[in-house]
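Worksheet: the structure to be examined is printed underneath.
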Amino acid sequence: MDGNRVTAGIIIVGDEILKGQTQDTNSHFLCRRLFALGVEVKRVSVIGDDLDDIATEVLEFSRNYTHVITSGGVGPTHDDMTFEGVAKAFSTSTAPHPELVQVLKDYFGPDNLDSAMMKMAQIPSTAKLQYGVHKTTGERTKYPLVSVNNVYMFPGVPSLMERAFVLLEDLFRNPDVTFHTEELYINRTESSIAQEIKTVADQFGKSVVIGSYPDLHNSYYQVKISLESTSQDQLNKASVQIKSSVPAGSVVPFEKDPVGTAAEHVYDIVNSKVDDTFHTSVRHAVSIIEQALDKYTLKDMCLGFNGGKDCTLLLHLFHAVVQKKYPDEIGKLQALYIRSRLPFPEVELFVQQACKRYNLELIRYEGRIKENLAALKDGHPNIKAVLMGTRKTDPYSDHLDSFSMTDADWPQFMRVNPILNWTYETVWTFLRTLCLPYCSLYDHGYTSLGSMNNTHPNPSLQIVDSNGIVSYKPAYQLLDNGNERDGRNV
Ligand SMILES: Cc1cc2nc3c(=O)[nH]c(=O)nc-3n(C[C@H](O)[C@H](O)[C@H](O)COP(=O)(O)O)c2cc1C
Ligand SMILES: Nc1ncnc2c1ncn2[C@@H]1O[C@H](COP(=O)(O)OP(=O)(O)OP(=O)(O)O)[C@@H](O)[C@H]1O
Ligand SMILES: [Co+2]
Ligand SMILES: [K+]
Ligand SMILES: [Mg+2]
């Protein structure tokens with residue numbers, strides 16, 4: 001087993017990283033790729049642009065690991081000294097490499113080649129040039145990577161480093177090893193399952209590496225347990241062992257990428273043969289969104305999005321339908337957020353995160369809804385229809401249809417209401433079975449969100465413990481559909 005091990009050490013070179021001016025993302029990229037290649041990364045080191053530091057670190061890494069990957073310090077300026085540092089590590093010097101000089105001439109044009117650029121051809125005398133091969137065309141790359149012994153010197157600019165690495169990754173691949181992984185999600189505290197996990201980890205020793213990662217902000221689980229092994233069989237055994245030793249029901253299903261898999265999961269529901277309230281509600285909502293997309297282009301439409309649960313689920317459905325029917329236009333969904341004067345910070349944060357997650361184009365206003373809809377007409381004359389998460393149980397909404405113009409005394413927009421007939425329970429079934437992220441206030445007893453000055457946790461979710469300490473159950477545990485807005489003053 002040990003004979004098949006391939007290890008790597010990564011050295012990130014750059015003063016700008018140590019000073020906090022640039023955040024290193026290269027080590028994360030390299031660790032991820034190397035892991036997938038069956039290579040164990042044993043150490044990552046970040047050092048400054050200093051000749052002796054580079055030489056010392058490279059020498060030590062070179063002795064200890066199968067491969068050493070450096071990133072940074074291979075450019076044309078005075079502070080780029082990785083080549084010199086590596087030369088020093090191996091007690092040699094740098095000299096212009098004729099082949100590399102030619103490459104630079106071909107690459108940049110002979111007239112553009114100044115003395116600073118020539119420095120990029122000054123490499124350790126024992127260096128090799130490694131050319132990558134394009135996987136699809138089989139063509140050799142124009143610009144080679146420089147290596148000395150087991151040290152490979154990559155550029156620091158992430159896009160260049162990543163491109164070069166992908167083309168050369170066969171240099172590092174360990175053909176004998178594949179790391180198999182599994183993640184288990186557990187809705188108990190880390191301390192309450194620590195003993196059980198330790199027992200399994202001890203039993204499997206080094207054959208299955210087990211990690212435990214608490215997540216304090218997840219609505220679905222409290223601890224992620226990661227399992228990793230070179231043997232699928234051992235991995236499966238450890239997984240079964242963990243599942244049977246933690247309390248029954250504590251391992252929960254979790255979807256890591258609900259946005260990426262949105263269309264697939266939503267249309268599974270749409271196309272299934274089941275006819276219960278949940279499936280019928282989803283089917284109906286999807287058909288209304290599809291109709292809206294027949295009538296309006298994406299530019300004509302926006303989603304009314306204030307971070308509430310109803311528009312959160314609608315955002316997901318909207319995204320799923322566009323992902324399925326208009327895959328080329330994904331990333332162009334427009335959302336309208338009219339922020340109240342006293343928004344909850346949790347709502348603000350959630351809106352921001354949702355924008356990133358779904359790649360929304362957010363149109364933002366602040367203040368009264370009616371006035372801002374007039375501003376929307378002026379500022380975005382293209383928008384004709386607004387998708388809304390309104391349900392019939394909302395105030396003044398029982399007369400609405402799936403397509404209803406705004407009232408006569410309001411700025412005129414088509415209101416598209418795909419979830420008008422959804423029940424409170426169906427809303428939560430949807431959000432929770434698809435593992436969608438939702439505003440954290442809902443986990444603390446809020447069942448409908450307005451502004452800070454008029455919204456409280458729902459009294460029916462209150463729990464008072466024996467010391468008189470008050471807390472609230474999550475919104476999805478509200479049983480009576482009638483009192484969803486009991487935490488609202490308006
Ligand atoms: C795009 C849009 C159009 C609206 N059109 C109307 C309308 O025509 N008539 C009306 O009384 N309220 C209208 N409203 C206000 C809503 O009915 C509701 O009062 C508002 O969304 C606040 O909901 P909440 O009290 O449940 O948080 C509209 C709101 C939005 C975002
Ligand atoms: N300030 C706003 N900006 C944009 N759209 C809004 C705003 N207020 C309401 N809407 C639209 O009206 C719908 C109904 O509002 P409502 O507050 O009932 O639902 P929600 O906020 O999604 O969820 P919750 O009922 O839990 O607060 C929202 O889903 C959204 O589409
Ligand atoms: Co609502
Ligand atoms: K840990
Ligand atoms: Mg609301």
Side-chain angles (χ1 to χ4, degrees), residues 285 289 292 301-318 333-344 346-348 350-351 354-355 360 362-377 380 383-401 403-428 430-431 436 438-458 474-476 478 481 483-490:
I289 297 170
M301 269 202 277
C302 67
L303 167 80
F305 185 67
N306 62 357
K309 62 184 183 304
D310 304 307
C311 49
T312 296
L313 90 82
L314 187 56
L315 167 59
H316 192 77
L317 287 173
F318 186 29
L333 301 191
Q334 303 184 93
L336 165 72
Y337 174 34
I338 304 171
R339 184 178 170 212
S340 74
R341 297 245 186 251
L342 258 184
F344 283 97
E346 290 89 343
V347 171
E348 288 282 291
F350 179 73
V351 170
C355 281
L360 300 178
L362 192 68
I363 306 168
R364 225 180 213 285
Y365 292 99
E366 176 163 330
R368 288 174 194 277
I369 293 186
K370 201 172 181 178
E371 287 161 18
N372 281 300
L373 288 180
L376 179 69
K377 269 236 161 296
H380 296 265
I383 290 181
K384 300 177 186 73
V386 186
L387 279 170
M388 314 251 318
T390 306
R391 291 181 287 121
K392 285 212 165 165
T393 48
D394 289 336
Y396 321 112
S397 301
D398 56 351
H399 66 289
L400 290 174
D401 285 316
F403 291 84
S404 288
M405 286 303 287
T406 44
D407 292 329
D409 55 340
W410 280 65
Q412 292 296 287
F413 289 98
M414 177 57 81
R415 286 180 286 178
V416 183
N417 305 308
I419 61 166
L420 262 190
N421 291 309
W422 283 43
T423 64
Y424 179 83
E425 190 188 338
T426 303
V427 168
W428 281 111
F430 186 84
L431 290 166
L436 304 187
Y438 52 79
C439 178
S440 62
L441 291 172
Y442 292 114
D443 281 337
H444 298 106
Y446 293 82
T447 52
S448 173
L449 305 179
S451 330
M452 289 248 270
N453 56 330
N454 62 28
T455 308
H456 308 281
N458 193 313
Y476 59 88
L478 188 73
N481 290 337
N483 59 8
E484 168 182 350
R485 289 175 72 99
D486 282 1
R488 302 280 301 267
N489 301 342
V490 291

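Whatever order the structure lists them in is the order used to number ligands and atoms, beginning at 1.
Residue-ligand proximity, L449 to ligand 2, at heavy-atom distances under 4.0 Å covers atoms 24 (P), 26 (O), 27 (O). Every atom of ligand 2 with a heavy atom of G304 under 4.0 Å away is listed here by number and element: 4 (C), 5 (N), 30 (C), 31 (O). Counting the atoms of ligand 1 from 1 in the order shown, those under 4.0 Å from a heavy atom of M388 are 1 (C), 2 (C), 29 (C), 30 (C). Distances below 4.0 Å separate heavy atoms of G308 from the following atoms of ligand 2: 20 (P), 21 (O), 22 (O), 23 (O). Near T447, with a cut-off below 4.0 Å to any heavy atom, the atoms of ligand 2 are 26 (O). In summary, the atoms of ligand 2 found under 4.0 Å from a heavy atom of S448, numbered by their order in the structure, are 24 (P), 25 (O), 26 (O), 27 (O). Those atoms of ligand 2 with a heavy atom of K309 less than 4.0 angstrom away are 22 (O), 23 (O), 24 (P), 25 (O), 26 (O).
Only the side chain of R485 comes within contact range of ligand 1, with a heavy atom under 4.0 Å; no backbone atom does. If you look at R415 next to ligand 1, the close heavy atoms, those under 4.0 Å, all belong to the side chain. Contacts between L373 and ligand 1 below 4.0 angstrom, taking non-hydrogen atoms only, involve the side chain exclusively. The part of I369 lying near ligand 1 is the side chain, judged by heavy-atom distances below 4.0 Å.
Ligand 2 does not have L314 within reach: every non-hydrogen atom of the residue lies 4.0 Å or more from it. Under a 4.0 angstrom heavy-atom cut-off, Y442 registers as being in contact with ligand 2.
Among the atoms of R391, none of the N or O lies under 3.5 angstrom from an N or O of ligand 2. Remark: ligand 1 and T406 share no N or O pair separated by less than 3.5 Å (distance only, no angle test). In terms of polar-atom proximity, defined here as any N/O pair under 3.5 Å, M388 makes no such contact with ligand 2. For ligand 2, one of its N or O atoms has an N or O atom of D310 under 3.5 Å away. Between I338 and ligand 2, a contact under 3.5 Å exists for at least one N or O pair. In terms of polar-atom proximity, defined here as any N/O pair under 3.5 Å, N306 makes no such contact with ligand 1.
Atom 14 (C) of ligand 2 has its nearest heavy-atom neighbour, among T390, V351, I363, in T390. Across the listed options W410, Y337, F305, W410 owns the non-hydrogen atom lying nearest to atom 14 (N) of ligand 1. Here atom 9 (C) of ligand 2 lies nearest to N306 when heavy atoms of D394, N306, L373, L441 are compared.
The shortest non-hydrogen separation linking G389 to D310 is O-CB, 3.1 Å. The two residues C311 and G307 come nearest to each other via the heavy atoms SG-N, 3.8 Å. Closest approach of L376 and I363 over heavy atoms only: CD1-CG2, 4.1 Å. The minimum heavy-atom distance between R391 and E484, with the atom names listed, is NH2-OE2, 2.6 Å. A335 approaches L360 most closely through the heavy-atom pair CB-CD1, 4.0 Å.
Atom CG of residue L315 and atom CZ of residue F305 lie 5.5 Å apart, to the nearest 0.5 angstrom. If you take NZ on K377 and CZ on F413, they are separated by 4.0 Å, rounding to the nearest 0.5 Å. Atom-to-atom distance recorded for L336:CG and L362:CG is 8.0 Å, nearest 0.5 angstrom. Here CZ of R488 is found 7.5 Å from CG of L449. Values are rounded to the nearest 0.5 Å. For the atom pair CE (M388) and OG (S397), the distance works out to 7.5 Å, reported to the nearest 0.5 Å. Rounded to the nearest 0.5 angstrom, C439 SG and E348 CD are separated by 10.5 Å.
Y365 and H380 have perpendicular rings, their planes meeting at more than 60° on a 0 to 90° scale where under 30° would count as parallel.
Screening N458, D394, T447 for a side-chain contact (heavy atoms from CB on, under 4.5 Å) with R485, the sole residue that qualifies is D394.
By the 4.5 Å heavy-atom criterion applied to side chains, Y442 and L431 are not counted as neighbours.
When the Co ion (ligand 3) is compared with the N/O/S atoms of D310, atom OD2 turns out nearest.
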